[in-house]
Amino acid sequence: MEQKMFCYQCQETAGCRGCTMVGVCGKQPDVAAMQDLLVYVSRGISAVTTALRGEGKEISPEINHLITLNLFITITNANFDKESIEARIRATLEEKAKLLTQLSTTQGLPEAALWDGSGDWEEKAKTVGVLSTENEDIRSLRELITYGLKGLSAYSKHANVLLQDDPQVDAFLQRALAATLDDSLTVDDLVALTMETGKYGVAGMAMLDKANTSTYGNPEITKVNIGVRKNPGILVSGHDLRDLEMLLEQTQGTGVDVYTHSEMLPAHYYPAFKKYPNFVGNYGNAWWKQKEEFESFHGPILMTTNCIVPPKDSYKDRMYTTGAAGYPGCTHIPGEVGEQKDFSAIIAHAKKCAPPAEIETGEIVGGFAHAQVLALADKVVEAVKSGAIKKFVVMAGCDGRAKSRDYYTEFAKALPQDTVILTAGCAKYKYNKLPLGDIGGIPRVLDAGQCNDSYSLAVIALKLKEVFGLEDINDLPIIYNIAWYEQKAVIVLLSLLYLGVKNIHLGPTLPAFLSPNVAKVLVDNFGIVGISSVEEDMKFFFG
């Protein structure tokens, strides 16, 4: 049967090989084709900006932001709206044409840099997708780099909307994206570029950490309500704190409550958001349960980033998108970097809706980003020295639909009582509501925040290394058992590898985009292995 598409960028890709007829995520072949073409033109304009920098010419923040948002739009579950993706392609081609006139010569530029958008886009997309690179290992490394850059673009975009930019991160992202067009690069060249991607992943997450904490304060230990009130509400999902802030400002005095969902939960940990009396709590669980949870919420939902599941008709008219997110038939709320978004439509919609149905009650505790944990450093170090804490287990990353992910719940339950889980990202929903208790007042699940807050876990590890006077980060009593789903997890993984972390267990499956030879490089050099059973992995980690 002829393939209608090819995509293998997420963990749930069909058969752990690739989606060829329709995406497991719900992405249709025509949307997949336009996403492939958007990546292609983003590579092309990046080749032009890289050449311009080589001539000593500056690239505007607006062009940097355009490329960043392009990549973010192509992340799994972010944007299913073909028309909006086509509009991005047209805008990129227009800006590229202007930039080309600034070059002293176009000699040596790749075809992607010179393509003017002529011809049939669907046919063009067939020639520039993943499988257009014939060599399996070159293709694997190009995609690994590209997916890391997609994750980096997401974190950069969140920093950009808080008016933080790092020109070096932008320059690298574009240089690396352009390099995926360069047929002269060898496997060794691309392996080196993969590690450099991890280096800039650390820089990108540090930039976002600075943007978040300088704007909203350092996260602090917080109890988050998971019940509901009797007012109508708006449910905010995704990762963009600036969108949440604007919505909270505009809902004051309206009688509309605001709840977080999934990766937006850690917003409650920031001091700046605690001043809003209608910021109620967190509703529901990880992204993949949204079909039933969005239905029972009754009010409108604002999707600020990726993690959209194609909505049911029963609530599709209540789902709004903004930023990189998009879904056909759902209202999109526009707004560029630095602009004030108008959320009046979703607020008016909420006033007409019933209050959310209660699906659970109680509280969950989080807020253990690096500043908060380091404030408790003496207590943590003493617990380690006394033997009260024998090991930390990093269980950061993503949640997902696969039944195999129940492994992480059972793994958390089976951990010895003298271990503490360090987590970030929506993987926490596999165990953050379990009664795992504490060790001398230190909770056994320390939630640092969103997936980008995996940076906090690295900072904590490096600080502990310093406190204990160790030469190697791998000598710490820390083990890594990380779940991945999409491209932001890829940049987190590459960042950890750049920092020298070894022996990471990665699951529930290894990425389909790793060729056997590339997987062997990761295994041989970094000790990356897949998960097995809870019993076998407990023996491996704890003897």
Under 3.5 Å donor-acceptor, Q164 side chain and A159 backbone: no
Residue pair K341 / P334: nearest heavy atoms and the distance that separates them: CG-O, 3.4 Å
Side chain to side chain donor-acceptor pair (under 3.5 Å) between Y216 and E245, worked out: CA-CA 10 Å; Y216 304 118; E245 180 184 28; 2.8 Å; yes
T105 side chain to Q107 backbone, donor-acceptor under 3.5 Å: yes
Short side-chain to backbone donor-acceptor contact, T304 and S237, under 3.5 Å: yes
Donor on one side chain, acceptor on other, N517 and S515, under 3.5 Å: no
Ring centres under 6.0 angstrom apart (W287, Y429): no
Donor-acceptor pair, side chain of S495 and main chain of L493, under 3.5 angstrom: no
Audit row: F392, L464, side-chain contact (heavy atoms from CB on, under 4.5 Å) steps and yes/no: CA-CA 11 Å; F392 297 93; L464 289 174; 4.3 Å; yes
Under-4.0 Å salt bridge between K465 and D472: no
Donor-acceptor pair, side chain of K428 and main chain of G425, under 3.5 angstrom: yes
Whether over 12 other heavy atoms sit under 6.0 Å from E249 CD: yes
Value rounded to 0.5 Å, distance of CG in L241 from OG1 in T215: 9.0 Å
Side-chain donor-acceptor contact under 3.5 Å, R175 with T49: no
Neighbour count above 12 (heavy atom, 6.0 Å) for Q340 CD: yes
Side-chain donor-acceptor contact under 3.5 Å, H65 with D165: yes
With L422, the side chain to side chain contact (heavy atoms under 4.5 Å, CB included) member among V393, V394, V445, D447: V394
Distance-only donor-acceptor check, side chains Q35 and N79, under 3.5 Å: no
Over 12 non-hydrogen atoms of neighbours within 6.0 angstrom of CD in E339: yes
Under 3.5 Å donor-acceptor, T194 side chain and L190 backbone: yes
Near-ring test H268/F273, centroid separation under 6.0 angstrom: no
Polar side chain donor-acceptor pair, Q487 to T76, under 3.5 angstrom: yes
Over all atoms of both residues, closest heavy-atom pair of R242 and L162: CB-CD2, 3.9 Å
Salt-bridge criterion met for E83 and R88 (N-O under 4.0 Å): no
Greater than 12 external heavy atoms within 6.0 Å of K463's NZ: no
Nearest heavy-atom neighbours spanning E55 and S104: OE2-OG, 2.6 Å
Side-chain donor-acceptor pair present, H158, N212, cut-off under 3.5 Å: no
Cationic N near anionic O, under 4.0 Å, R142 to D137: no
Heavy-atom closest contact (T13 atom, C7 atom, distance): OG1-O, 3.0 Å
Donor + acceptor pair across side chains of K126, S132 (<3.5 Å): no
Interatomic spacing from CG in L208 to CG in N452 - rounded to 0.5 Å: 4.5 Å
Parallel, tilted or perpendicular, as decided by the 30° and 60° cut-offs, for the rings of Y455 and H370: perpendicular
Evaluation steps, side-chain contact (heavy atoms from CB on, under 4.5 Å), between R139 and V130: CA-CA 7 Å; R139 179 169 68 238; V130 172; 3.9 Å; yes
Full working for side-chain contact (heavy atoms from CB on, under 4.5 Å) between C451 and Y155: CA-CA 10 Å; C451 51; Y155 298 147; 3.2 Å; yes
Whether H505 side chain and A483 backbone form a donor-acceptor pair below 3.5 Å: no
Any donor-acceptor N or O pair under 3.5 Å, side chains T322, D243: no
Test log, rule side chain to side chain donor-acceptor pair (under 3.5 Å), inputs Q9 and K150: CA-CA 10 Å; Q9 68 179 5; K150 288 186 180 190; 2.7 Å; yes
K57 atom NZ: more than 12 heavy-atom contacts under 6.0 Å: yes
L71 side chain reached by L177 side chain, heavy atoms, under 4.5 Å: yes
Presence of salt bridge, K199 and E196, under 4.0 angstrom: no
Spacing of CD1 belonging to I75 relative to SG belonging to C307, to within rounding of 0.5 Å: 9.5 Å
Under 3.5 Å donor-acceptor, S262 side chain and A286 backbone: no
Separation between CG of L109 and CG of L100, rounded to the nearest 0.5 Å: 6.5 Å
R405 side chain vs C398 backbone, donor-acceptor pair below 3.5 Å: yes
D188 versus T186, side-chain donor and acceptor atoms under 3.5 Å: no
Check: K488/N306 side-chain N/O donor and acceptor closer than 3.5 Å: yes
Nearest non-hydrogen partners of P219 and T213, listed with the distance: CD-CG2, 4.1 Å
Gap between atom CD1 of I89 and atom CH2 of W121 - 0.5 Å precision: 5.0 Å
N/O donor-acceptor pair under 3.5 Å between S140 side chain and F513 backbone: yes
Check: Y408/N481 side-chain N/O donor and acceptor closer than 3.5 Å: no
Flag if over 12 foreign heavy atoms under 6.0 Å of NZ, K502: no
Any side-chain donor near an acceptor of the partner, H239 and E263, under 3.5 Å: yes
Over all atoms of both residues, closest heavy-atom pair of I473 and A461: CD1-CB, 4.0 Å
Side chains of N474 and N503, donor plus acceptor under 3.5 Å: no
Worked check of side-chain contact (heavy atoms from CB on, under 4.5 Å) between E486 and N77: CA-CA 9 Å; E486 43 83 33; N77 286 345; over 6 Å; no
Test side chain to side chain contact (heavy atoms under 4.5 Å, CB included) applied to R43 and L181, L149, I67, the passing residue: L181
Polar side chain donor-acceptor pair, N432 to T423, under 3.5 angstrom: no
N70 versus S42, side-chain donor and acceptor atoms under 3.5 Å: yes
